[in-house]
Amino acid sequence: MLIFLLGFMGCGKSYTARKLSEKLDIPVMDMDKDIEEQEGRSVSRIFSESGEAYFRNLESDWLRSLDPESDAIISTGGGSPCFGDNMDVMKALGITIFLDTERERIIQRLAYGRNRRPLLEGMNELDIGFFYDEKMKERRPFYERSDFHLYHQDINVLANLILSFKRPD
Ligand code: S3P
């Protein structure tokens, strides 16, 4: 079964996916990391050398290459559910879970890790706050189409949720 973790940059998708993977012994996949490996360059370089539209196509192609029969917890790129019919594709392939982390926590994390994120280039914490408010308005309706909407990422709660719909081996 494929389990997609969705949400804004900095909401904790990668960390949560790794922890769940360890706990449940289900392989973890990271969309951005896979795309970086495929392309042999970082997401920042893909954006600056080939543009955002090119990156969004890579995301769509990556999703379409997944095997729905396989087992994985997938940390998705924050923008991926909001382009083309990616949300429909994810919903058709597996279970979608929206990690709805508090605004302040996200902004703090993003201010700390902005170098890795091309969309935040040159922004200070205040800019990031405005950016978050704007983007989240646009993106929330997509995220909210997820099968589950979680406000607290208690790993045990999430693990039990996943076990409740996992087919016995
Ligand atoms: C993006 C989020 C990033 C990455 C790219 C664009 C976005 O992933 O895919 O920088 O549009 O929100 P994370 O959510 O893992 O930071």
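Whatever order the structure lists ligands and atoms in, that order sets their numbers, starting from 1.
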**Item:** Min N/O separation Gly78 to ligand 1 under 3.5 Å
**Value:** yes

**Asked** For Ser80 and Asn86, does a side-chain donor sit closer than 3.5 Å to a side-chain acceptor?
**Response** no

**Request:** Please could you name the atoms of ligand 1 that Gly77 approaches to less than 4.0 Å, counting only its heavy atoms?
**Result:** 8 (O), 9 (O), 14 (O)

**Asked** Does a side-chain N-to-carboxylate-O contact under 4.0 Å join Arg145 and Asp88?
**Response** yes

**Item:** Aromatic plane relationship, Phe148 with Phe165 - under 30° parallel, 30 to 60° tilted, over 60° perpendicular
**Value:** parallel

**Fill in**
Min over Arg56, Lys135, Glu52, Lys13 of heavy-atom distance to atom 6 (C) of ligand 1 lands on Arg56

**Message:** For the residue pair Thr101 / Arg109, report whether a side-chain donor-acceptor contact shorter than 3.5 Å exists.
**Reply:** no

**Request:** Over 60° means perpendicular and under 30° means parallel, so classify the ring planes of Phe47 and Phe55, tilted if in between.
**Result:** tilted

**Distance-only N or O hit between ligand 1 and Phe55, under 3.5 Å** = no

**Request:** Taking only Lys NZ, Arg NE, NH1 and NH2, and the carboxylate oxygens of Asp or Glu, determine whether Glu59 and Arg56 approach each other closer than 4.0 Å.
**Result:** yes

**Fill in**
Looking only at protein heavy atoms, what sits closest to atom 10 (O) of ligand 1 is Pro118 CD, 3.6 Å

**Which residue and heavy atom of the protein sit nearest atom 5 (C) of ligand 1, plus the separation** = Val43 CG1, 3.8 Å

**Request:** Specify the protein heavy atom at minimum distance from atom 16 (O) of ligand 1: its residue, its atom name, and the distance to 0.1 Å.
**Result:** Arg117 NE, 2.8 Å

**Fill in**
If you scan protein heavy atoms around atom 8 (O) of ligand 1, the nearest is Asp32 OD2, 2.8 Å

**Request:** Indicate yes or no: does Asp100 engage Arg140 in a salt bridge with an N to O separation below 4.0 Å.
**Result:** yes

**Item:** For atom 12 (O) of ligand 1, the option (of Glu36, Arg109, Glu59, Arg139) bearing the nearest heavy atom
**Value:** Arg139

